[in-house]
Amino acid sequence: MSRAAAARVRRRRTLPVALAMLVAGGVVAALVREQFVLQVLTYVFIFAIYAQSWNIAAHSGQFSLGHATFLGLGAYASVLLAGRLGLPAAVAMFVGPLLPALAGLAIARLCLRLREWYFGMVTFGFTAIVQVLVVEPFGGLTNRWDGLDAAPLWAGGRAIETIAILNYLTALALMVGSYLLAARLMNSKSGLALAAIHDNEVVAAVSGVNVRTHRLMAMTLSGYVAGVAGALNSHTLTRHISPGIFGIEDSIWPLLYTIAGGLRIPEGPILGTLVVRVFWEWALRALGGFESLVVIGLALAVIVTTFPQGLYVLAARAAGWAGPRLARRAR
Amino acid sequence: MSLLRCEAVAKSFGGLQALAGVQFEVGAGEIVGLIGPNGAGKSTLVNTITGVHRPEHGSITFDGHEVTRLAPERITRLGVARTFQIPQPFHTLSVLENVMVGVAFGARGASLERAAREAAELLEFVGLADKAHHEPQALTIIELRRLELARALGSGARLLLLDEIHAGLTPKELEEARELLQRLRARGVTILMVEHLMQIIMAVCERIVVLEFGRKIAEGTPAEVAADPEVIRAYLGTRRAGGARAAGA
Ligand SMILES: Nc1ncnc2c1ncn2[C@@H]1O[C@H](COP(=O)(O)OP(=O)(O)OP(=O)(O)O)[C@@H](O)[C@H]1O
Ligand SMILES: [Mg+2]
């Protein structure tokens, strides 16, 4: 494809993509009646928000291996605000994540001098620390390992099917919102600074970029968005929160989904979460526990080795509008 | 009036004294050459002036501002820009976007739209216009140096520190590079250039500062420096056996 076309891809409008996702999601909701399918897709939307939050931090070169910290803190804060203070879940869901936003700021501040694996290791360590804090000093508030029940986002005498659809639509809308947020950020002047920082902090700094404030900003925002995903998950799908959320697994998901879909591309986390999760659920059902894990592991290996730039770049190439910008890939 | 003033600047790495009290000035509008044998401390001096390294002693002022302990981005925004001896492009950005970073966040600051326009002009200026939407990996080393120059110019610098942007050029390319420097001078940019190539230093610099083992050993017009016995010793000494070198250490 031509260079000029590549430049056009760069300036591609994000609003049409957002609308297309809303319409597609709406059509599925209207057609599909199976509770299980709706639930899997609701999970996909929520975890795409979570993966997007990781992607925002990764865009600035801050590769977190402990994002469960923010997912979990958002969930706990929101569930407690709703349960103890009686805030409506719909409000708590957006107020609670201020806590992980602060945590993101603090961790970014402490890790300012760290990059790559070192940054990852320290963020990983924080998840363990936060888990201990939640269970011990704050155990009275959090009910220790037993956890807390979460107020439902949608309730009040509705049918289970209606609630499932409402959960689904809420998650869809918030996922599209997080997509617009990430896409706008990445295409903005700040996004250019974050990309420069990702590539080379010293050169970014001598080009006039304030590395410190941009790194802090990216992690604060990332913490907030991850927190919203955690809160949404607790108030809709799990209806419960326990310290298990600060486990390794929940820190790995956003990484896995984003890399499969396309790192540092706003569409990446969405496509990655959808494809990996749907394939995963299919494999679990079609093949059973042990065999499915083997197949899933192989499939992920194939995706990452064959399309290191992720499924989104693959799809974009196939559609004929992927430029060098998409192909220039992060580490 | 001097635009840049370094006083007794010292910087060491572990036990190695890379700069041992360097003192010199660069006047507004001047083109000054900074030369010296390998390891003399030329790049370290550039790093120290631009805030990449912090000196242990001494003071650096730019345009009357004390910049000795300022963060690199603050120094850049005051109007100092530099290239790197080994080109370090932003590898996930296009050539145009590389330059846009300098324009958007440099001394003048600019919106993305204005940064894109000005970056395109700068690519034109350094002769990279047709590579604007390439990735830096697709550029030759010489094109990468021009990209460094465009990025540095983009930040709206009044003082430009060039670290060996002419190494390895063919005579024809050198001639082009000389022209580029003349055009820069015409824009009113002050330049401190690190260079091994005496040919280009002699041709464009009004004044030359010579470093050896982190000390200034000579300073003057190209003719004066070329005739300076210390300079001759330093340069010949590095080629001869260790005697002269040890004496200088
Ligand atoms: N970051 C660093 N860490 C440790 N030592 C360093 C560092 N940077 C430079 N040095 C050492 O400081 C001394 C001066 O190095 P510098 O790069 O400033 O020399 P130079 O004059 O630019 O040489 P050249 O002409 O080879 O580029 C050298 O001995 C070098 O090995
Ligand atoms: Mg050097």
Side-chain angles (χ1 to χ4, degrees), chain A residues 1-11 55 58-61 63 112-113 184-215 262-265 268 308-310 313 322-331, chain B residues 46-47 49-53 71-84 87-116 119-120 130-138 148 151-152 154-157 161:
Chain A
M1 91 183 264
S2 76
R3 301 292 171 192
R8 277 201 303 281
V9 170
R10 169 92 175 89
R11 285 190 295 269
N55 197 31
H59 192 58
S60 66
F63 295 99
L112 259 185
R113 293 184 175 280
R184 291 280 157 95
L185 174 69
M186 289 183 195
N187 288 333
S188 73
K189 186 171 158 177
S190 293
L192 184 66
L194 295 177
I197 290 167
H198 167 276
D199 287 355
N200 192 322
E201 284 189 11
V202 172
V203 182
V206 302
S207 303
V209 174
N210 191 325
V211 173
R212 179 192 164 103
T213 48
H214 279 94
R215 280 184 63 157
L263 192 54
R264 300 175 70 220
I265 298 168
Q309 296 156 349
V313 172
R325 177 179 156 82
L326 277 178
R328 283 192 298 273
R329 178 161 180 280
R331 272 181 292 168
Chain B
V46 171
N47 283 333
I49 293 169
T50 52
V52 174
H53 293 329
E73 70 271 13
R74 302 271 308 276
I75 298 174
T76 303
R77 287 180 195 167
L78 285 174
V80 180
R82 50 111 24 115
T83 64
F84 286 86
Q88 302 190 41
F90 300 118
H91 60 273
T92 68
L93 297 181
S94 71
V95 167
L96 183 75
E97 288 169 327
N98 264 268
V99 182
M100 282 171 65
V101 175
V103 181
F105 295 95
R108 286 162 301 147
S111 68
L112 272 191
E113 290 71 29
R114 222 185 80 205
D130 56 327
K131 302 281 166 79
H133 298 293
H134 286 221
E135 35 190 309
Q137 281 95 324
E148 285 273 321
R151 181 186 49 67
S155 67
L161 308 173

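In what follows, chains carry the letters A, B, and so on, assigned in the order in which the sequence lines appear, proteins first and then strands, with residues in each chain numbered from 1.
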**Message:** When you compare the side chain of Arg151(B) with that of Val203(A), does any pair of heavy atoms fall below 4.5 Å?
**Reply:** yes

**Prompt:** Does Leu93(B) reach the side chain of Leu192(A), with side-chain heavy atoms less than 4.5 Å apart?
**Reply:** yes

**Asked** Quick one: of Val209(A), Val211(A), Val202(A), who has the most non-hydrogen atom pairs under 4.5 Å with chain B?
**Response** Val209(A)

Closest approach of [X] to [Y] (non-hydrogen atoms, all atoms of both residues):
{"X": "Lys189(A)", "Y": "Phe105(B)", "value": "O-CZ, 3.3 Å"}
{"X": "Ser207(A)", "Y": "Thr76(B)", "value": "C-CG2, 3.8 Å"}
{"X": "Leu112(B)", "Y": "Ser188(A)", "value": "CD1-C, 3.5 Å"}
{"X": "Asn210(A)", "Y": "Arg77(B)", "value": "N-NH2, 3.7 Å"}

**Glu97(B) side, atom CD; Asp199(A) side, atom CG - distance, nearest 0.5 Å** = 10.0 Å

**Asked** What distance separates Phe90(B) CZ from His198(A) NE2, expressed to the nearest 0.5 Å?
**Response** 12.5 Å

Where on [X] is there a heavy atom nearer than 4.5 Å to chain A: the side chain, the backbone, both, or neither?
{"X": "Val52(B)", "result": "side chain"}
{"X": "Ala104(B)", "result": "both"}
{"X": "Ala110(B)", "result": "backbone"}

